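Report on the structure given below.
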There are 2 protein chains.
Amino acid sequence: MVYAQIPDIIVGRLPRYLQVLTWMLSDGIQTTSSQDLGERIGISAAQIRKDLSQFGEFGKQGTGYSIPFLVNQIQAILNVKQVWNIALIGAGDLGHAIARYQGFANRGFRIAMVFDIDQNKIGREIGEFIIQDIAAMVETIRSADIKIAMITVTAQSAQGVAEKLVEAGIKSILTYAPVPLKLPPGIFIQYIDPIIQLQHMTYYLGN
Amino acid sequence: MVYAQIPDIIVGRLPRYLQVLTWMLSDGIQTTSSQDLGERIGISAAQIRKDLSQFGEFGKQGTGYSIPFLVNQIQAILNVKQVWNIALIGAGDLGHAIARYQGFANRGFRIAMVFDIDQNKIGREIGEFIIQDIAAMVETIRSADIKIAMITVTAQSAQGVAEKLVEAGIKSILTYAPVPLKLPPGIFIQYIDPIIQLQHMTYYLGN
DNA sequence: CATTGTGAACGGGTTCACAGCA
DNA sequence: TGCTGTGAACCCGTTCACAATG
């Protein structure tokens, strides 16, 4: 099967599949069908079959998909059989919550270091980490060969921090700051802003 | 102009426009063009013009769009000229961070109450709130006539909590629990799971 | 017999290109 | 002249429908 060029929209659905499949597995379910999976996720059975068939023939006619097998395949496709180290920038309330979150481990990630600019925070502990001075960030991240960063600093600081991260060799950034980042091509950026999602819903709530 | 049926995909982009426009305004920028806005957000100028033209003629040929005017229009469309009260369920680390977050106010939202099931937390303060017993949640939310909830409980509890929220009259749910919620039609659900976005990016990071 | 994998048909979102206007 | 608003063209993602198969 030729690995062609997979549309990004399909890649974006794979983590969702993985999430649900893992959840099913923890419920003791070993097998599923495109129909069943589709209902759980809220998309059509045809779409699931088409998506998965981009990467190989993972199912069996008449019986469906083996969940452990499928989980394995998707983990491999998404490169999360390994554990990725993440640098977390910003040790405010949100940074604290992320640093202490226990859900990264079995999904392919690990917070490896935490930085902040506030002298009162530097040196303090947060979860199992010691907050490091952002002044040393570029060098520290580069020598640890970390490729992924999460940003929880203020909107004002985000762009500056992001530029330093690129300098440090970071390739993927997940930012919680509600501002668009302008970075060189080749850097992947994802945004999390709960208010954007709330406003999407209030449109339908009428007035 | 007929309000027809606006495609959901367009509605979903409006909050992003609003976010960026507000940011520009705070930078003192008063005017923009579809070109300029597009570059900042990372989508085409044509798309921005098409999107905005769904709701009226907001621009002026030759000069572009007035940002204060556009912000006003989009806020009205998204129903965020008013302030929506939100019930927050789950007073863990993430719940704390959200309860104390100062960024909701000027974007149309306000955390109004916080619930948890843990007897050790109930009665304690978190930001300006007192954590309430989840046992009283349905009645409290209903009598306060709250329509929006944010869930930061564990994956195991999320479905049960969500069902009680529906019972309480909640119409929109933003959940941080990494499990799909199965709820009656008419309830809007949005998911936030940073790991899904991280896994989307690791696909492109190769191995 | 249930369910996959997939070419073909479909539909809708995006881009194009340009008339219209400040 | 510069930039919007918009019909038409295009393209791409989704759905359909069915042959293939354990």
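Below, each value reflects all heavy atoms present in this structure, side chains not excepted, and no hydrogens, waters or symmetry copies. Keep in mind the model is a prediction, meaning the values are calculated, not measured.
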query = How many Å lie between CG on A/Leu70 and C1' on C/dG5, as a whole number?
reply = 14 Å
request  = Assess whether one donor atom and one acceptor atom, taken from the side chain of B/Lys60 and the base of D/dG5, lie less than 3.5 Å apart.
outcome  = no
inquiry  = Check this one for me: any side-chain N or O of B/Thr63 less than 4.0 Å away from OP1 or OP2 of D/dC3?
reply    = no
task = Take A/Asp51 and B/Gly62, find for each the nucleotide of DNA chain D with the closest heavy atom, and name the residue whose nucleotide sits nearer the 5' end.
result = B/Gly62
message = At less than 4.0 Å, is any side-chain N or O atom of B/Ser44 found next to OP1 or OP2 of C/dT15? Yes or no.
response = yes
request  = Looking only at side-chain atoms of B/Arg49, point me to the closest of C/dG13, C/dT4, D/dG5.
outcome  = D/dG5
task = Specify the separation, in whole Å, of atom CD of A/Gln54 and atom C1' of D/dG13.
result = 11 Å
note = From CD of A/Gln61 across to C1' of D/dC18 the rounded distance in Å is 12 Å
remark   = A/Ile6 CD1 to D/dG13 C1', in whole Å, measures 14 Å
ask   = Out of D/dG13, C/dT3, D/dT6, which has the shortest distance to the side chain of A/Ile9?
value = D/dG13
ask   = Of B/Pro7 and A/Lys50, whose nearest nucleotide on DNA chain C comes first from the 5' end?
value = A/Lys50
task = Is it possible for you to check whether B/Arg16 lies under 6.0 Å from the centre of the six-membered ring of A/Tyr191, through NZ or CZ, and within 45° of that ring's axis?
result = yes
task = Let me know the distance between CD1 of B/Ile48 and P of D/dT4, rounded to the nearest Å.
result = 10 Å
inquiry  = What is the separation between atom CD on B/Gln35 and atom P on D/dG5, rounded to the nearest whole Å?
reply    = 15 Å
task = When you get a sec, tell me which of C/dC16, D/dA8, D/dT15 is the closest nucleotide to the side chain of B/Ala46?
result = C/dC16
request  = Would you verify whether the NZ or CZ of B/Arg40 falls within 45 degrees of the ring axis of B/Tyr17 while also being under 6.0 Å from that six-membered ring's centre?
outcome  = no
task = From the options D/dT14, C/dT14, D/dT4, select the nucleotide whose nearest atom is closest to the side chain of A/Gln47.
result = D/dT14
request  = Specify whether B/Phe188 and A/Tyr204 have parallel, tilted or perpendicular ring planes, treating 30° as the upper limit for parallel and 60° as the lower limit for perpendicular.
outcome  = parallel
ask   = Is the B/Phe55 to B/Phe58 ring centre distance short of 6.0 Å?
value = no
query = Could you state the CD1-C1' distance from B/Ile43 to C/dG13, rounded to the nearest angstrom?
reply = 12 Å
message = I want to verify a distance call: between D/dT4, C/dG5, C/dT4, whose nearest atom is closest to the B/Tyr65 side chain?
response = D/dT4
task = Using atom types as modelled and distance alone, determine if a side-chain donor or acceptor of B/His96 lies under 3.5 Å from a backbone N or O of B/Ala91.
result = yes
message = In this structure, how many angstroms lie between the P atom of C/dA22 and the CD atom of B/Glu57, rounded?
response = 10 Å
